[in-house]
Amino acid sequence: MPREAEISVNEREFILKALQESVRLDGRALDAFRPLELTFGDEYGVADVKLGRTRVIARISCEVTAPLPERKFDGIFQIITEFSPMASPAFEVGRPTDAEIILSRILEKAIRRSNALDTESLCIIAGSKCFALRADVHIVDHDGGLIDASCIAVMAALQHFRRPDVLVEGEKATILSVREREPIPLSILHQPLCVTFSYFEDGERFLVDANMAEEQVRQAEVIITMNRHGEVCQIAKYGGATVDPLALLNCNTIALQKVKELSKFIQQKLEEDVKKKDKGGLMAELSAENAR
Amino acid sequence: MAPEASLSHLHRADGSATYIHNGYCIIGAVNGPIEVMRRDEMPEEATIEVNVRPAAGVGSPKERHLETLLHSTLRSIILTRNIPRTLVQITLQVRSLPEEDGTSGVNTSLTLLPHLLNTALLALLSASIPLRTILTSLLIALPTPTPKMKQPVPILSPTSTELFRTQPIASLHVFAFSADRKLLLSESEGTFKYAEWEEAYEMAEEVCCRDQGGVGLGGGEGMEVDGEEASANLEEWLRGVVRRKVEVEQRWRSAT
């Protein structure tokens, strides 16, 4: 398997020199995201995110299983990230790279452990039946910013997904298919989104949403996950450069602003999709969702 | 309905293609010729690696089985001896399946196979891997004879809704043909007689391969076909996709 092509010395110097003069190669401002595109498929729970040239597809699927014996009242939620040679020939099937491990850890911390999804609502019969939800993250094209893009994709897909309705009569549960009853959306408690800051010049200068080349020359990265209410879910720092604690506070304010923009964008796209699906205006009557 | 395809839309892979047909959407990427791992290296020919990745979950024996079939078929059309001691890496990601796929009650690995083959070929063309010939692939379903209809009509590349409605299906056949009308792959399932198989084979050949008469008259370049015919014939369709792509790429040249 070939290694990832390393950036040449000249190119590295060029990017760093340009950054000293506050210029990015693609002409963006230092704290600007690349153009974001979000599309949904015909089926529920598939989100296709394009962040510049990075492309990530997240797909949510669910099945009925027995809950874990130590957590009888909770459903199961898993996020699976596996890189394929499609994104880059350096990725090998069945042998995770460091980037892949970091991505799955961050998503785990950001989405699963921050309780973005109410797993209790996935329980059907305590101790015997529950929904097992899985989010598959497919990296289709890799040009940096995988963590941000994957987080957006998973959160958008979760909000787009509809699970089949269940009818519980005592100990007996019937799963009603899509044909029988309109599926219901998941209960999402909040929407965490990740913003990655890349540090250069020994922690003196930072960039938002670095692309592949910038990622290769950066010294450190700080990943901040928060929701649009400004509640920080996790902060992770990788790489050697020292980052001033006060600078982190500054990062937080920038992250909040970015997260607000992103949530608004996702919400807008979701509404557009609902309108597209709701052709005859009958969706409200079909809905089987219970008010919480 | 003719499939939709777009070529070379991914930036990192050497060649890529997206193929949409009957609710199946598959993204294919090819990297090659690239450096091969020492243990897979072959002194006189290229190694081919096929990865099929399902839409949900990780690969199961079903995907491994599909990979084996794809590997042996593609090996016969890639000129592996022209690029020895290299690797051609083919990744096929299933993006979406038709909704009824799980419920149609037929083997889903066979219904997926022709789509995977067509995607792989488009991606190989996009990556400019030396090929001996092109291939086209097709699924045919034979319904069970009923008292009303003794001689059931075979369904060419059925949609999953069609499969669901025409229960029970007696047999499913997947054929792949090269450009010179040679059979490259034949996978069948169910109960059928040899005569039935042969009928399906002839039907598939008709749809997959171009009319030979036209080739002889047109001097090998039978390009002037109308849109309707091109959509019915898979080879014409395939050539059309590549021709349109080449035309777009050559705009700079033809504009001056």
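Side-chain atoms are counted along with the backbone in the values below, which use heavy atoms only and exclude waters and symmetry mates. Every chain is numbered from 1, with letters handed out A, B, ... down the list of sequences. Here the structure is a predicted model, which is why all the values come from computation and not from measurement.
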Which heavy atom of N31(B) sits nearest to which heavy atom of P85(A), and what is that distance? ND2-O, 3.0 Å

Can you check side chain to side chain contact (heavy atoms under 4.5 Å, CB included) on M37(B) and E92(A), steps first, answer last? CA-CA 11 Å; M37(B) 274 226 294; E92(A) 198 177 336; 3.9 Å; yes

Contact origin within S84(A) toward chain B - heavy atom pairs under 4.5 Å: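 Interface part for S84(A): both.
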
Check the surroundings of atom [atom1] in [X]: do more than 12 heavy atoms from other residues, nucleotides or ligands lie under 6.0 Å from it?
{"X": "F14(A)", "atom1": "CZ", "answer": "no"}
{"X": "R132(B)", "atom1": "CZ", "answer": "yes"}
{"X": "R71(A)", "atom1": "CZ", "answer": "no"}
{"X": "Q250(B)", "atom1": "CD", "answer": "yes"}
{"X": "R75(B)", "atom1": "CZ", "answer": "no"}

For residues 37-48 of chain A, pull every pair meeting salt bridge (Lys or Arg N to Asp or Glu O under 4.0 Å), keeping only residues two or more places apart or in separate chains.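 Checked against salt bridge (Lys or Arg N to Asp or Glu O under 4.0 Å) - neighbours excluded - the pairs reaching residues 37-48 of chain A are E43(A)-R59(A), D48(A)-R55(A), D48(A)-R95(B).
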
Check: R53(A) side chain, L10(B) main-chain N or O, donor-acceptor pair, under 3.5 Å: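 Checking the backbone N and O of L10(B) against the side chain of R53(A), no donor-acceptor pair under 3.5 Å is found.
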
Distance-only, no hydrogens or angles: does the R12(B) side chain make a donor-acceptor pair with backbone N or O of D141(A) under 3.5 Å?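 No.
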
Ranked by heavy-atom pairs below 4.5 Å to chain A, first place among A123(B), A56(B), A29(B), G59(B) goes to A56(B)

Sort out for me which of E82(A), M212(A), R134(A) touches chain B most, counting heavy-atom pairs under 4.5 Å.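 Ranked by heavy-atom pairs under 4.5 Å with chain B, first place is E82(A).
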
Output the option from I57(A), I80(A), V178(A) having the highest count of non-hydrogen pairs under 4.5 Å with chain B.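 If we count pairs closer than 4.5 Å to chain B, I57(A) comes out on top.
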
Nearest 0.5 Å, please: how far is CD in Q93(B) from NE2 in H138(A)? 4.0 Å

Sorted by chain and residue number, the side chain to side chain contact (heavy atoms under 4.5 Å, CB included) partners of A127(B) (sequence neighbours excluded) come out as D14(B), V30(B), I129(B)

